[in-house]
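Remarks on the structure that follows.
Atoms considered below: every heavy atom in the structure, side chains included; atoms not considered: hydrogens, waters and symmetry mates. Throughout, protein chains are lettered first and strands after them, A, B, ... in sequence-line order, and every chain is numbered starting at 1.
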Protein chains: 2
Amino acid sequence: MAKDEDASRPAGLVFDAWRGVLFATSRTLQIAEPDLIAKAGFPLTWLDVLAQLYDAGDDGLRMQELEGRSLFTRSGLTRLVDRIETAGLVRREAVPGDRRGVRVVLTAEGRRRHDAAFIDHNILIERKFGRRLTEVQLRAVAEALAPFWHDDEAPTEG
Amino acid sequence: MAKDEDASRPAGLVFDAWRGVLFATSRTLQIAEPDLIAKAGFPLTWLDVLAQLYDAGDDGLRMQELEGRSLFTRSGLTRLVDRIETAGLVRREAVPGDRRGVRVVLTAEGRRRHDAAFIDHNILIERKFGRRLTEVQLRAVAEALAPFWHDDEAPTEG
DNA sequence: TATCAGTTATTGACATAGCAGATACTGTCG
DNA sequence: CGACAGTATCTGCTATGTCAATAACTGATA
């Protein structure tokens, strides 16, 4: 018994929605990742970092700030930035007035590669994700999941 | 569609919807993973496998089938199943009539641990994901993203 | 029955991420 | 100055995932 209603929230509904979110993410990323590597020559993790630095402007970001805006740990970021730096897409610079700190800045090459990758990536997301939903559905999903943008569980840097 | 409003172009919509899906997944998993490890003693990857085997019934699943139902590669699965087997939660058995094959089956202990973990995990998903959406939103998300469950991505551009 | 292409699963070499501890610097207090 | 607590970043060890190559087996063919 206990068909579904009665409970303010049918358990199966949450499960189905969660499953949808999970699979949409995984499936799309599984296509987007190799695509990005083929076209841009670097993985999504790099694009995350490059995009953050792009948005941050000319002064770049400190490792600490980068950590706050990404889904990596500090040590993971250190190595990630190492690789991107070795590839010449970012540069570590001294922070005036704090010799402990480092700020990470896009190089000209990094900016170029970011721009190209960003465009390619968005086209792919449109094709593999967006195209599977109607406009009404897109709007519903975007609206329903918007709360997760600003995460109240995680510390948000100001 | 052909709803041409300047304020909400489909491109921006796709981006917002994708961003929502991405963030909902990341934020929720970042909480669910440590929680599961604390309560069940194993990570989400194990639960994925255990849940698939649970659903599959007494005969379990072959590695191949497990691969099709999960988001791992074959070799990744081999090692994942190795670990779970070492922990005693699954068992590899011969497949009658095909000596290449292996079928993976839940042990009694595996079933117990699965049940407990599944309950805990669902409670957490309800709390951290489901509770942020209304029932209408849940329904909309579940419906919109259901196509991703069975992903038969057309090999050519679709 | 010998062979050969295809299938199933594992293994080896390698890449990347996390945790915990190390390293380098800052600012304060005596 | 010298000690100390706090901050910013990096490194060592380890865990886990992927790709490419391998081993074991199947079914068909000559």
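Annotation: the span from B:R139 atom CZ to B:T134 atom OG1 amounts to 9.5 Å, rounded to 0.5 Å. Between the CD1 atom in A:I125 and the CH2 atom in B:W18 there is a gap of 4.5 Å [rounded to 0.5 Å]. Distance check, rounded to the nearest 0.5 Å: CG of A:L29 to CZ of A:F129 gives 10.5 Å.
Near-neighbour residues of DNA chain C inside residues 48-67 of chain B, defined by a heavy atom below 4.0 Å, number-ordered: B:R62, B:M63, B:Q64. At a non-hydrogen distance threshold of 4.0 Å, B:R100, B:G101, B:V102 from residues 99-107 of chain B come into contact with DNA chain C.
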Taking N or O atoms only and anything under 3.5 Å, show me the protein contacts with nucleotides 11-18 of chain C, one pair per line.
residue: C:dG12; atom: N7; partner: B:R79; partner atom: NH2; Å: 2.6
residue: C:dG12; atom: O6; partner: B:R79; partner atom: NH1; Å: 2.5
residue: C:dG12; atom: O6; partner: B:R79; partner atom: NH2; Å: 3.3
residue: C:dA17; atom: OP2; partner: A:R83; partner atom: NH1; Å: 3.2
residue: C:dA17; atom: OP2; partner: A:R83; partner atom: NH2; Å: 3.0
residue: C:dG18; atom: OP2; partner: A:T73; partner atom: N; Å: 3.3
residue: C:dG18; atom: OP2; partner: A:T73; partner atom: OG1; Å: 2.7
residue: C:dG18; atom: O6; partner: A:R79; partner atom: NH1; Å: 3.0

query = Hey, mind stepping through B:E85 and B:R91 against salt bridge (charged side-chain N to carboxylate O under 4.0 Å, His left out) and telling me if it holds?
reply = CA-CA 6 Å; B:E85 189 175 26; B:R91 186 176 51 237; over 6 Å; no

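Panel note: side chain A:Q30, backbone B:L71; a donor-acceptor pair is recorded below 3.5 Å. Using modelled atom types, one side-chain atom of B:E65 and one backbone atom of B:R62 make a donor-acceptor pair closer than 3.5 Å.
No side-chain heavy atom of B:V14 sits less than 4.5 Å from a side-chain heavy atom of A:L133.
For an aromatic pair to be called close, the ring centres must be under 6.0 Å apart, and A:F118 with A:Y54 fails this.
In terms of heavy atoms, A:F148 sits closest to B:K128 at CE2-O, 3.7 Å.
Sorted by first and then second residue, the ring-ring contact (aromatic ring centres under 6.0 Å, His included) pairs with a member in residues 56-111 of chain B form an empty list; sequence neighbours excluded.
Taking atom CZ on B:R92 and atom P on C:dT8, their separation rounds to 16 Å, with Å as the unit.
Shown here are the side-chain hydrogen bond (donor to acceptor under 3.5 Å, both in side chains) partners of A:Q52, two or more places apart in sequence or in another chain: there are none.
The side-chain tip of B:R113 does not point at the ring of B:F42 from less than 6.0 angstrom away and within 45° of straight on.
Of all nucleotides in DNA chain D, those with any atom nearer than 4.0 Å to a heavy atom of chain A start and finish, going 5' to 3', at D:dG6 to D:dC13.
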